[in-house]
Amino acid sequence: MTDASRAPESNELPLLLVIIDDSEESTVALSYACARAKATNSRVALLRVIEPDSFMHWASLREMAEQEAIEEANHLLARNAADVVRLSGRDPVNFVRQGNRSDAILELIRERQDIVVFILAAAKGENPGPLVSNLARNLINHSRVPITVVPAEMSESEIQRQFSTNHQVE
């Protein structure tokens with residue numbers, strides 16, 4: 001387990017956790033989290049989970065692949081951090097974890113008491129996507145924080161409207 005950046009937990013603002021991957025729904029969840037963080041005086045926490053590659057049999061190749069995956073994850077988080085600062089006005093807290101995605105999410109939520117909500121977006125279409133489906137089964141009954149699922153079709157303007165001063169939701 002590696003944390004890209006570990007902020008102290010004391011006197012920190014509440015964290016809104018978002019999974020960062022290459023999916024379209026990750027972008028929607030991030031936009032929503034940034035708008036909510038800005039409106040509620042909180043910060044966004046970005047999590048990239050590196051799932052194990054079961055085909056790596058030689059230790060030296062596995063270690064090299066893991067190191068490359070960690071570097072790639074840190075670059076992905078850095079690219080998304082610029083958007084977080086632009087949209088929320090605050091630097092995110094970045095985490096990189098290795099292992100099963102559901103287990104990594106639950107472990108981070110258990111470790112960090114400053115995480116107050118987990119935000120993800122559904123995929124477009126009838127199937128909500130593998131992340132929402134898997135998390136619905138594995139996390140809802142084991143997480144101490146609420147899980148917010150953002151509709152896949154929600155536009156940036158609709159997200160902003162949710163948190164405008166005239167129509168505050170909380």
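Values reported hereafter were calculated over all heavy atoms of this structure, with side chains retained and with hydrogens, waters and symmetry mates removed. Sequence positions, counted from 1, serve as the residue numbers for this chain.
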Kindly compute the distance separating CD1 (Ile109) from CG (Asp114), expressed to the nearest 0.5 Å. 11.5 Å
Has the side chain of Arg43 got a donor or acceptor atom that lies under 3.5 Å from a matching backbone atom of Asp91? yes
Going from CG on Leu47 to CZ on Phe118, what distance comes out if it is rounded to the nearest 0.5 angstrom? 7.5 Å
4.5 Å side-chain heavy-atom contact, Val145 and Val116: no
Quick one, Asp83 with Arg86, criterion side-chain contact (heavy atoms from CB on, under 4.5 Å). Give me CA distance, side-chain angles, the key distance, then yes/no. CA-CA 5 Å; Asp83 290 334; Arg86 179 176 53 79; 3.2 Å; yes
Verdict with reasoning, Glu156 to Gln160, per side-chain hydrogen bond (donor to acceptor under 3.5 Å, both in side chains): CA-CA 6 Å; Glu156 186 65 36; Gln160 293 304 318; 2.9 Å; yes
Determine, using the 4.5 Å side-chain heavy-atom cutoff (strictly less than), whether Leu87 and Leu46 are members of one ILVMFWY cluster. no
Taking side chain as C-beta onward, heavy atoms only, is Gln67 less than 4.5 Å from Glu71? yes
Using a cut-off of 6.0 Å, state whether more than 12 heavy atoms not belonging to Glu158 lie near its atom CD. yes
Please report the closest heavy-atom contact between Ser26 and Ile19, naming both atoms and the distance. OG-O, 3.2 Å
Rounded to the nearest 0.5 Å, how far does CG of Leu76 lie from CD1 of Ile20? 6.5 Å
Quick one: pull up CD in Glu51 and OG in Ser102 and give me the separation to the nearest 0.5 Å. 8.0 Å
If you define the side chain from C-beta out and look only at heavy atoms, does anything of Gln113 sit under 4.5 Å from Arg144? yes
Kindly indicate whether the side chain of Asn41, heavy atoms from C-beta on, has any atom under 4.5 Å from the side chain of Arg90. yes
What is the minimum heavy-atom distance between Tyr32 and Ile159, and which atoms define it? CA-CG2, 3.7 Å
As a quick check of understanding, evaluate side-chain contact (heavy atoms from CB on, under 4.5 Å) for Val150 and Arg36, giving each step before the final call. CA-CA 12 Å; Val150 182; Arg36 185 168 176 169; over 6 Å; no
Might you point out which heavy atoms bring Cys34 and Ser88 nearest each other, and give the distance in Å? O-CB, 3.6 Å
For Gly99 versus Val49, what's the shortest heavy-atom pair and its separation? O-CG1, 3.4 Å
Heavy atoms of Val44 and Leu30 approach each other most closely as CG1-CD1, 4.1 Å
Over all atoms of both residues, closest heavy-atom pair of Ala73 and Ile50: CB-CD1, 4.1 Å
Under the side-chain contact (heavy atoms from CB on, under 4.5 Å) rule, what do Thr148 and Leu120 come out as? Steps first, then yes or no, please. CA-CA 6 Å; Thr148 299; Leu120 62 151; over 6 Å; no
Spacing of CZ belonging to Arg101 relative to CG belonging to Asp21, to within rounding of 0.5 Å: 5.5 Å
Working for side-chain contact (heavy atoms from CB on, under 4.5 Å), residues Arg97 and Asp103: CA-CA 10 Å; Arg97 297 293 172 102; Asp103 293 341; over 6 Å; no
